[in-house]
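Keep in mind the model is a prediction, meaning the values are calculated, not measured. Residues take their numbers from the sequence shown, with the count starting at 1.
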Amino acid sequence: MASSSSSTMRQRITLQERVLTENAFGEAVESWQDVTPLNASVEPLVGRELFRSGGLPQKIAQADSRIRIRRRKGLNPAIHRIVYDGVIYDLLYPLDDRERGQTQLFVRASAVQQPDGSKVNV
């Protein structure tokens with residue numbers, strides 16, 4: 001089994017996890033908590049959205065970037081996201097590459113994190 005080369009994983013990303021808490025009114029409030037920083041290789045891909053007609057309209061989003069990290073199990077698009085260089089990426093799907101000892105994360109940029117912690121959609 002080939003191992004991940006740390007020399008190709010020069011970027012530093014942060015894996016975040018969705019956390020649900022209750023506010024004073026008993027309503028669910030979503031926030032994000034840092035899980036761990038990871039070394040990664042961030043590779044931009046061509047991103048686009050396709051629309052299909054005929055019957056019900058359908059919108060299909062394609063990945064903006066591929067992020068390669070050392071093999072990691074348990075990544076779930078419903079509860080995880082990535083932050084890299086101030087940009088928040090929604091995890092579309094992880095792909096486990098056992099042969100290379102890597103996990104490939106296909107992601108879509110969703111927002112830019114501002115210094116004050118607020119987000120601006122991209």
Exercise. Is Asp64 paired with Arg108 through a side-chain N to carboxylate O contact shorter than 4.0 Å?
Worked result: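 No, no charged N to carboxylate O under 4.0 Å.
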Exercise. What pairs with Pro77 under side-chain contact (heavy atoms from CB on, under 4.5 Å), at least two apart in sequence or on another chain?
Worked result: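 Once residues adjacent in sequence are excluded, the partners of Pro77 under the side-chain contact (heavy atoms from CB on, under 4.5 Å) criterion are Leu91, Pro94.
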Is the shortest heavy-atom distance from the side chain of [X] to the side chain of [Y] under 4.5 Å?
| X | Y | value |
| --- | --- | --- |
| Ile69 | Ile13 | yes |
| Arg100 | Arg68 | yes |
| Arg18 | Glu30 | yes |
| Leu105 | Leu75 | yes |
| Val42 | Arg66 | no |
| Ser65 | Tyr89 | yes |
| Met9 | Ile67 | no |

Exercise. Passes side-chain contact (heavy atoms from CB on, under 4.5 Å), Arg72 versus Leu38? Steps please.
Worked result: CA-CA 10 Å; Arg72 185 176 186 98; Leu38 298 167; 3.9 Å; yes
Exercise. Quick one: do Leu92 and Leu45 end up in the same hydrophobic cluster if we chain Ile, Leu, Val, Met, Phe, Trp and Tyr together by side-chain heavy atoms under 4.5 Å apart?
Worked result: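 Hydrophobic grouping puts Leu92 with Leu45.
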Exercise. Same cluster for Leu15 and Ile79 if Ile/Leu/Val/Met/Phe/Trp/Tyr side chains link at under 4.5 Å?
Worked result: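 As far as the 4.5 Å side-chain criterion goes, Ile79 and Leu15 are not connected within one cluster.
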Problem set entry | Verdict with supporting geometry, Glu22 and Val29, side-chain contact (heavy atoms from CB on, under 4.5 Å) | CA-CA 6 Å; Glu22 285 188 10; Val29 177; over 6 Å; no
Exercise. Under 3.5 Å, is there a donor-acceptor pair between the Asp97 and Gln102 side chains?
Worked result: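 There is no such pair between these side chains.
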Problem set entry | No-hydrogen, no-angle side-chain donor-acceptor test under 3.5 Å, Arg12 and Asn39 |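 Present: a donor and an acceptor within the cut-off.
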Problem set entry | OG on Ser41 to CZ on Arg10, rounded to 0.5 Å |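 The CZ atom of Arg10 sits 9.5 Å away from the OG atom of Ser41.
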For this session: Apply side-chain contact (heavy atoms from CB on, under 4.5 Å) to the pair Thr14 and Gln16, showing each step before the final yes or no.
Result: CA-CA 6 Å; Thr14 301; Gln16 291 187 329; 4.3 Å; yes
Exercise. For the side chain of Asn76 and the backbone of Ala78, is there at least one donor-acceptor N/O pair under 3.5 Å apart?
Worked result: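 Indeed, once roles are kept as given, a pair shorter than 3.5 Å links the two residues.
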For this session: Heavy atoms only: give me the nearest His80-Trp32 pair and the separation to one decimal.
Result: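 Taking His80 first and Trp32 second, the nearest heavy atoms are C-CZ3, 4.1 Å.
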